[in-house]
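Below you'll find the structure, written out as structure tokens, and then a few comments.
Residue numbering restarts at 1 for every chain, and letters A, B, ... go by the order of the sequence lines. The figures here come from the full heavy-atom set of this structure, side chains too, leaving out hydrogens, waters and symmetry mates.
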There are 2 protein chains.
Amino acid sequence: MKLSTRTRYGLRAILELATNQAKGPLQLKIIARNQDISLKYLEQLMATLKSAGLVRSLRGSKGGYILAKAANQIKLSDVFSALEGPSAITVECLDDNGYCVRTADCVTRQVWAQVQQAVMGVLESLTLQDLVDRAKEKGNLDYQI
Amino acid sequence: MKLSTRTRYGLRAILELATNQAKGPLQLKIIARNQDISLKYLEQLMATLKSAGLVRSLRGSKGGYILAKAANQIKLSDVFSALEGPSAITVECLDDNGYCVRTADCVTRQVWAQVQQAVMGVLESLTLQDLVDRAKEKGNLDYQI
DNA sequence: TAATATACTACTAATAAGGTAGGAATATAG
DNA sequence: CTATATTCCTACCTTATTAGTAGTATATTA
């Protein structure tokens, strides 16, 4: 169960937006440099976050990205789902009841459902604002190097 | 975060051993048929479980596999770790402190650590015996079709 | 019009997942 | 002692996914 770079990079990127919200649109160029992510790759990740309605973009000179909602309205589960897919843990039989004849009684399926719930529980309990606050506590105001 | 077939098949296979513990060694041929898993692939999964000390094997005619310990002594986290790797969620910076300069203050890393804990919490709280019991409750005595 | 951003789409390289295949070693039955 | 059944070992292979790269189009500002 490897966490993809998509999700890891994407979370770091949107967290930068949350951190620098006051400063107006933030350019991907900046994020890419701060976070050591390829600009071109980052563009794709942000496109995903945009179509999930989590960020908005402004084109052209002085453009960039901003959060589409307040940081305390964006749950980590939203970010995660957008980037990683709808269910935290991909097990075919969880998403498709017809996938397997044993579905109804299958105890292993139940286990994966429990695990899934546990993961989503954590991610639903945290917002971007929580992370910004945590970072501030650490004196890590900009979250940048 | 896709759960590999290794882990899914592996858990189903060792659960069959737990369910049929009383009947002596169970042959992979049987498990493969019941669980619809390729015999050759299953051989590999069982080899992994064997080297993790979770099952024992008996060669030759009338041979097969048995659990290496009582079903209530085998936690799902043991099975999972053996098959999926040591940490529930693979994020390089969790396993390698030197991986990233931001490690100490990184709030996203903290999130992944929390998620990891949540997953392991579930898997550590369950044993094979628990699953056997659950299956019995459902009247699904053999866990087979 | 020049410069600066995002938007869109296609391609590519590397890695991992999910097996297959063949034969060697070992145990049991007769 | 031989036939059969089973695990053991190792190598290979195919497909899908990940993680990017690249190029060009479009929009905005100054």
Side-chain angles (χ1 to χ4, degrees), chain A residues 1-14 16-17 20 23-33 35-68 82-85 89-92, chain B residues 1-14 16-17 23-33 35-52 54-68 80 82-85 87 89-92:
Chain A
M1 286 218 310
K2 191 168 182 176
L3 196 60
S4 65
T5 61
R6 273 180 74 76
T7 301
R8 291 189 292 116
Y9 293 178
L11 177 57
R12 278 159 53 194
I14 198 172
E16 279 229 9
L17 294 188
N20 298 291
K23 303 182 195 163
L26 192 58
Q27 288 103 40
L28 293 191
K29 192 175 61 177
I30 309 290
I31 300 179
R33 194 173 54 218
Q35 298 291 336
D36 240 321
I37 302 172
S38 135
L39 173 61
K40 285 302 199 176
Y41 192 34
L42 187 56
E43 281 179 3
Q44 292 177 35
L45 307 187
M46 293 310 281
T48 305
L49 292 176
K50 188 183 173 187
S51 52
L54 302 178
V55 301
R56 282 192 301 163
S57 64
L58 298 155
R59 297 173 106 171
S61 181
K62 303 278 179 183
Y65 280 87
I66 55 175
L67 293 186
L83 293 164
E84 193 80 14
I89 284 174
T90 305
V91 186
E92 284 86 346
Chain B
M1 287 217 308
K2 191 169 180 176
L3 196 60
S4 64
T5 60
R6 274 180 71 76
T7 301
R8 292 190 292 114
Y9 292 180
L11 178 57
R12 278 160 52 195
I14 198 172
E16 279 230 7
L17 295 190
K23 304 181 193 162
L26 191 58
Q27 288 103 40
L28 294 190
K29 193 175 59 178
I30 308 291
I31 299 179
R33 192 173 56 218
Q35 299 290 338
D36 239 319
I37 303 172
S38 133
L39 172 62
K40 284 302 199 174
Y41 193 34
L42 187 56
E43 282 180 2
Q44 291 177 35
L45 306 187
M46 292 310 280
T48 305
L49 293 176
K50 187 183 174 187
S51 52
L54 301 177
V55 302
R56 283 190 302 163
S57 64
L58 298 155
R59 298 174 107 172
S61 181
K62 305 278 180 183
Y65 281 85
I66 53 175
L67 294 185
F80 187 94
L83 293 164
E84 193 80 12
S87 31
I89 285 173
T90 306
V91 185
E92 284 86 344

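Toward the 5' end of DNA chain C, the nearer of the two residues A:Ser61 and A:Ala47, judged by each one's closest nucleotide, is A:Ser61. For the pair A:Gln27 and B:Arg6, both in contact range of DNA chain C, the more 5′-proximal nearest nucleotide belongs to A:Gln27. Comparing A:Lys62 and A:Tyr9 by the nucleotide of DNA chain D whose heavy atom lies nearest to each, the residue mapping closer to the 5' end is A:Tyr9.
Note that the first and last nucleotides of DNA chain D, 5' to 3', having any atom under 4.0 angstrom from a heavy atom of chain B are D:dA5 to D:dA11. A 4.0 Å heavy-atom criterion places the boundary nucleotides of DNA chain C facing chain B at C:dG18 to C:dT28, written 5' to 3'.
A:Lys62 pairs by the salt bridge (charged side-chain N to carboxylate O under 4.0 Å, His left out) definition with nothing, not counting sequence neighbours.
Taking CG from B:Leu17 and CG from B:Leu28, the interatomic distance works out to 8.0 Å, rounded to the nearest 0.5 Å. Here CD1 of B:Ile37 is found 7.0 Å from CG of B:Leu45. Values are rounded to the nearest 0.5 Å. Here the CD atom belonging to A:Gln27 is positioned 10.0 Å from the CG atom belonging to A:Leu58, to the nearest 0.5 angstrom. Atom-to-atom distance recorded for A:Leu49:CG and A:Ile14:CD1 is 5.0 Å, nearest 0.5 angstrom.
Across all their heavy atoms, A:Ile66 and A:Pro25 have their closest contact at CG2-CA, 3.5 Å. In terms of heavy-atom proximity, A:Ala32 sits nearest to A:Leu42 at N-CD2, 3.7 Å. Minimum heavy-atom separation, A:Leu39 to A:Lys29: CD1-N, 3.8 Å.
DNA chain C lies under 4.0 Å from at least one heavy atom of each of the following residues of residues 37-46 of chain A: A:Lys40, A:Glu43, A:Gln44.
As judged by a 4.0 angstrom heavy-atom cut-off over every strand, A:Lys2 is placed among residues making no nucleic acid contact.
Under the salt bridge (Lys or Arg N to Asp or Glu O under 4.0 Å) criterion, the residue pairs touching residues 38-51 of chain A are A:Lys40-A:Glu43, with sequence neighbours excluded.
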Which pairs of donor and acceptor atoms, one on a side chain in residues 2-11 of chain B, lie under 3.5 Å apart (sequence neighbours left out)?
| from | atom 1 | to | atom 2 | distance (Å) |
| --- | --- | --- | --- | --- |
| B:Ser4 | OG | B:Thr7 | N | 3.3 |
| B:Ser4 | OG | B:Thr7 | OG1 | 3.2 |
| B:Ser4 | OG | B:Glu84 | OE1 | 2.8 |
| B:Thr5 | OG1 | B:Tyr41 | OH | 3.2 |
| B:Arg6 | NE | B:Leu83 | O | 3.3 |
| B:Arg6 | NH2 | B:Thr48 | OG1 | 3.2 |
| B:Thr7 | OG1 | B:Glu84 | OE1 | 2.2 |

